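Letters A, B, ... are given to chains in the order of the sequence lines, protein chains preceding strands, and every chain is numbered from 1. Everything numeric in this text was worked out from a predicted model, so none of it was measured.
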Amino acid sequence: MSLKLTNSLTKKLETFRSLNPGEVSIYCCGVTVYDLCHLGHARSYIVWDVLRRFLISQGYKVTFIQNFTDIDDKILAKATKENSTMTQVSEKNIKEFHQDMDTLGILRPSRMPRATRCLDGIREMIQKLEEKGAAYSVDGDVYFAVMKHSEYGKLSGRDLSEQQLNADGRIDKEEGARKQHPFDFALWKAAKEGETSFSSPWGHGRPGWHIECSAMVLQELGETIDIHLGGSDLIFPHHENEIAQSEIANDKKLANYWLHNGMVNVGGQKMSKSLGNFTTIRSLLQEGISPMTLRLFILQAHYRKPLDFTKESIKAASTGWQRLNSALCLGLISHQKLKWPKPVTQQKTISDLNSYVSSERLSKASQQFKDALEDDLNTSIAISVLFDLARPLRSLANQIERGVSDLGAEKNNKELHLRWMLLVSLANILGLQPELPQGKESNQGHIYSESEIIEAIIERKAAKLSRDFAKADNIREELKDKGIELIDKKDGVTDWIRK
RNA sequence: GGCGGCAUGGCCAAGCGGUAAGGCAGAGGAUUGCAAAUCCUUUAUCCCCAGUUCGAAUCUGGGUGCCGCCUCCA
């Protein structure tokens, strides 16, 4: 089998073939940097991170370009409101963006162009479009003439003649009068008095939104790329317009594969800034939801379908993640007890799967995992393979926790070790990385010191020995209130963890 | 009005013509003084109607309901 992806351009599942063997060029639409990212952004970038990780695991050299839109009305509005500048607002939010994405374990793009740093390319492309008669200027604005692109509408399935124009009456009247066709869109917008602007052959102004992506793709990757990514809400008009501009300017197909992710919904409605029903990544993390929980939550659904966000579904993902994680952590925590080779710290790279596959059962799991991802990134199935692999490992982790001395026969142990290695490396393709439990030493902010806890444990043990269970339970409860959980192990030792 | 998507157990969610993955929650059992964790077992005929087929959640037609895009948007 080989990788199959649903191409928005053809609306079909297609076998993926890259332009250059062994190499993949990807452009992913990034964010407008005027605020923090929400869960919807997280979904998009996590899903595409998995695509990228999977391609890498299959031996491709992936060039992944993602832009920052740092010229925009909303950024300007924010700058005015905060009495700062467009650059300051952008810089701040780019920093925040990186913080969130790094926390979620999203691989950094190969390069991240910004509109402000791509102005030459933008101006050149607009000029080219003018030369080809596909653009016209009116009072310092420059518009793209959609009628010049015979294939206009091929991505979004729209027929210009059948569209109900100005469906919601939101087209600006003045602007409408300047346009030759209501669907024409701005390539360059003349600056109003006192606005932040950039010079151009058409006077001072700012680039339109769509042109930056066309210019960046050309600048960073060339005329035709393998894969273009984005949210399904970008299909029209953004990607449609991008295609029109690039394909007229370059006389080449812009991208062979267009992939779009589904939206995150809240109560059946799209999560968005304008509806105000969004939850930022930052706030979820601050609530104590782990980054990997978010990943699991997002990857349990297929990337093209809408995904409903509720507290309950996040809670379910959180419990699921804790269990999966206990298996993932096993070899990191207990390799000495198990006499396993010391693991190579955290696996930063995406390793070759085959090196861990020895037994038939493991190789089958590995194959199932690969088949699932090759089938239009069926992460849901891939996760079920992970849970299957994890089951015996969790059991083992539990035995160790309880202080069971006999850790099974040697051959079993070896198989379990390989199983663990396979689990870790497959999980890594989904970007699911072990989160080691908080160390006992990291106790800032806690009221109980370690010695106090040990004292309490000794006291409780004495109570238990004298069969004063009420007292023993009281001590347990008291500690629990302070976030310390006691675990009685098989060998009579009581362990504790901070929650 | 145009284009597109979705409807599967209490919840989330796979399934792409061969007799319903997985996760969460629940139930029963094992273990435990209790608790936590773990292990085992267990819970569906797929929105409705009609058709194609030996066989359909999966294909076709018709309903119903929800959602997205047509404005900025991951």
Side-chain angles (χ1 to χ4, degrees), chain A residues 8 11 13 28-32 34 37-48 69 72-74 153 156-172 183 209 229-238 240 260-265 268-275 278 296-297 300-302 304-310 312-324 326 368 372 375-376 378-388 391-392 394-399 401-402 464 467-470 472-473 476-477 480 485-490 495 497:
Chain A
S8 305
K11 304 181 178 56
L13 194 62
C28 178
C29 277
V31 287
T32 302
Y34 71 101
C37 288
H38 59 62
L39 192 59
H41 300 107
R43 180 179 196 192
S44 191
Y45 300 127
I46 284 173
V47 157
W48 304 136
T69 298
D72 174 82
D73 285 345
K74 286 180 190 143
S156 57
R158 263 154 242 261
D159 182 338
L160 286 177
S161 62
E162 285 176 14
Q163 292 295 299
Q164 188 179 21
L165 300 169
N166 192 17
D168 288 327
R170 278 178 287 203
I171 291 176
D172 181 78
F183 272 21
W209 175 37
L229 306 171
S232 61
D233 54 351
L234 298 183
I235 292 173
F236 190 90
H238 184 55
E240 195 67 67
H260 292 98
N261 64 277
M263 301 290 102
V264 171
N265 287 172
Q269 272 194 314
K270 175 182 162 185
M271 178 180 285
S272 72
K273 291 269 168 164
S274 44
L275 284 169
F278 62 92
L296 189 67
F297 167 69
Q300 272 183 324
H302 186 86
R304 303 182 65 241
K305 282 199 177 180
L307 172 60
D308 219 54
F309 166 73
T310 61
E312 291 70 34
S313 53
I314 288 284
K315 176 74 175 46
S318 173
T319 312
W321 169 246
Q322 276 173 34
R323 301 202 174 142
L324 195 55
S326 69
Q368 279 177 338
D375 184 15
D376 203 20
N378 193 331
T379 50
S380 186
I381 298 276
I383 285 169
S384 76
V385 173
L386 257 35
F387 273 96
D388 281 345
R391 197 160 295 122
R394 282 159 60 196
S395 179
L396 182 58
N398 183 245
Q399 285 181 356
E401 178 93 336
R402 295 172 66 167
K464 277 167 70 176
R467 304 196 69 78
D468 184 354
F469 295 123
D473 287 346
R476 178 196 284 289
E477 283 303 310
K480 198 176 177 184
E485 192 167 340
L486 300 184
I487 299 155
D488 291 337
K489 300 210 281 189
K490 198 92 176 171
D495 203 354
I497 48 170

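- With a 3.5 Å ceiling on both atom-pair distances, B:A20 lacks any Watson-Crick or G-U wobble partner.
- Relative to the side chain of A:Asp233, the nucleotides B:C24, B:U71, B:A74 differ in distance, and B:A74 lies closest.
- Side-chain N/O atoms of A:Asp488 and base N/O atoms of B:C34 include a donor-acceptor pair closer than 3.5 Å.
- Nucleotides B:C39 and B:U58 have their C1' atoms positioned 36 Å apart, rounded to a whole Å.
- The distance between atom CD of A:Gln322 and atom C1' of B:U38, rounded to the nearest whole Å, is 14 Å.
- Contacts of A:Arg476 classified as salt bridge (Lys or Arg N to Asp or Glu O under 4.0 Å), with partners at least two apart in sequence or in another chain: A:Asp488.
- Classification of the A:His41-A:Tyr45 ring pair by plane angle, with boundaries at 30° and 60°, yields parallel.
- Using a 4.0 Å heavy-atom criterion, one finds that A:Gly30 contacts the sugar-phosphate atoms exclusively.
- Within the 4.0 angstrom heavy-atom criterion, only backbone atoms of the sugar-phosphate kind lie near A:Phe387; the bases stay farther away.
- Side-chain N or O atoms of A:Asn378 include one that pairs as donor or acceptor with a backbone N or O of A:Ile381 at under 3.5 Å.
- Closest contact between the side chain of A:Asn398 and the listed nucleotides B:A74, B:U38, B:C70 involves B:U38.
- Between B:A44 and B:U52, the two P atoms lie 31 Å apart (nearest whole Å).
- Counting heavy atoms from C-beta on, the side chains of A:Arg394 and A:Asn398 never come closer than 4.5 Å.
- Looking at the side chain of A:Arg158, the nearest of the listed nucleotides B:A25, B:A35, B:C69 is B:C69.
- Atom CZ of A:Arg391 is separated from atom P of B:C40 by 7 Å (rounded to the nearest Å).
- Spacing between atom CH2 of A:Trp321 and atom C1' of B:C24 amounts to 16 Å, rounded to whole angstrom units.
- A gap of 49 Å separates the C1' atoms of B:U38 and B:C49, to the nearest Å.
- Counting any heavy atom pair closer than 4.0 Å across all strands shown, A:Val31 reaches sugar-phosphate atoms only and no base atom.
- Base pairing annotation: B:A50 forms a Watson-Crick or G-U wobble pair with B:U60, both donor-acceptor distances under 3.5 Å.
- Within 4.0 Å (heavy atoms only), A:Ile235 reaches no atom of the nucleic acid at all.
- The separation between A:His41 atom NE2 and B:C72 atom P is 15 Å, rounded to whole Å.
- When the P atom is compared between B:C59 and B:G15, the two are found 12 Å apart, to the nearest whole Å.
- A:Arg394 has a side-chain polar atom (N or O) that falls below the 4.0 Å cut-off from OP1 or OP2 of B:U38.
- By the 30° and 60° cut-offs, the orientation of the rings of A:Phe309 relative to A:Phe297 is perpendicular.
- The partner of B:A30 is B:U38, judged by Watson-Crick or G-U wobble contacts that both fall below 3.5 Å.
- Following rounding to the nearest Å, A:Gln399 (CD) and B:A30 (P) show an atom-to-atom distance of 20 Å.
- Under the Watson-Crick or G-U wobble criterion, with both distances below 3.5 Å, B:U71 has no partner in any strand shown.
- Taking atom P on both B:C47 and B:G9, the two are 8 Å apart, rounded to the nearest angstrom.
- B:G10 sits 25 Å from B:U19 when the C1' atoms are compared, rounded to a whole Å.
- Side-chain contact between A:His38 and A:Met271 is present, with at least one heavy-atom pair separated by less than 4.5 Å.
- Rounded to an integer number of Å, the gap from NE2 of A:His260 to P of B:G5 is 14 Å.
- A donor-acceptor contact under 3.5 Å links the side chain of A:Arg476 to the base of B:C34.
- When heavy atoms are screened at a 4.0 angstrom cut-off, A:Lys273 is found touching no nucleic acid atom at all.
- Among the protein residues, A:Gly40 comes within range of the nucleic acid bases, having at least one heavy atom under 4.0 Å from a base atom.
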Between the protein and nucleotides 11-16 of chain B, are there any N/O to N/O pairs under 3.5 Å, and if so, what are the atom names and distances?
from	atom 1	to	atom 2	distance (Å)
B:A13	O2'	A:Gln300	O	3.3
B:A13	O2'	A:Ser380	OG	3.0
B:A14	OP1	A:His302	N	2.6
B:A14	OP2	A:Lys305	NZ	3.4
B:A14	O3'	A:Asn378	ND2	3.0
B:G15	OP1	A:Asn378	ND2	2.9

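- The heavy-atom pair separating A:Gly268 from A:Asp308 by the smallest distance is N-OD1, 3.2 Å.
- Counting only distance, with no hydrogens or angles, the side chain of A:Thr379 and the backbone of A:Gln300 share no donor-acceptor pair below 3.5 Å.
- With the nearest nucleotide of RNA chain B identified for both A:Met271 and A:Pro392, A:Pro392 has the one nearer the 5' end.
- Set against B:A74, B:G23, B:A25, the side chain of A:Thr319 has B:A25 as its closest nucleotide.
- With both ends at atom C1', the span from B:U43 to B:G22 equals 15 Å, rounded to whole Å.
- When Watson-Crick and G-U wobble pairs are counted only if both distances are under 3.5 Å, B:A44 pairs with no nucleotide at all.
- Among B:U38, B:A74, B:G22, the nucleotide with an atom closest to any side-chain atom of A:Arg323 is B:U38.
- For B:C6, the paired nucleotide is B:G65, the pair qualifying as Watson-Crick or G-U wobble because both relevant distances are below 3.5 Å.
- In terms of polar N and O atoms assigned as donor or acceptor, the side chain of A:Asp473 comes within less than 3.5 Å of the base of B:G33 in a complementary pairing.
- Remark: P of B:C70 and CE of A:Met263 are 11 Å apart, rounded to the nearest angstrom.
- Judged by distance alone, the side chain of A:Thr319 and the main-chain N or O of A:Lys315 form a donor-acceptor pair under 3.5 Å.
- Not counting sequence neighbours, the partners of A:Asp233 by the side chain to side chain donor-acceptor pair (under 3.5 Å) test are A:Lys270.
- Closest non-hydrogen pair, A:Cys29 versus A:His238, comes out as SG-NE2, 3.6 Å.
- Comparing B:C66 with B:U8, their P atoms sit 14 Å apart, to the nearest whole Å.
- Rounded to whole angstrom, the span from the CG atom of A:Leu486 across to the P atom of B:G33 amounts to 15 Å.
- Of the residues near RNA chain B, A:Lys464 and A:Ser44, the one whose nearest nucleotide (by heavy atom distance) lies more toward the 5' end is A:Lys464.
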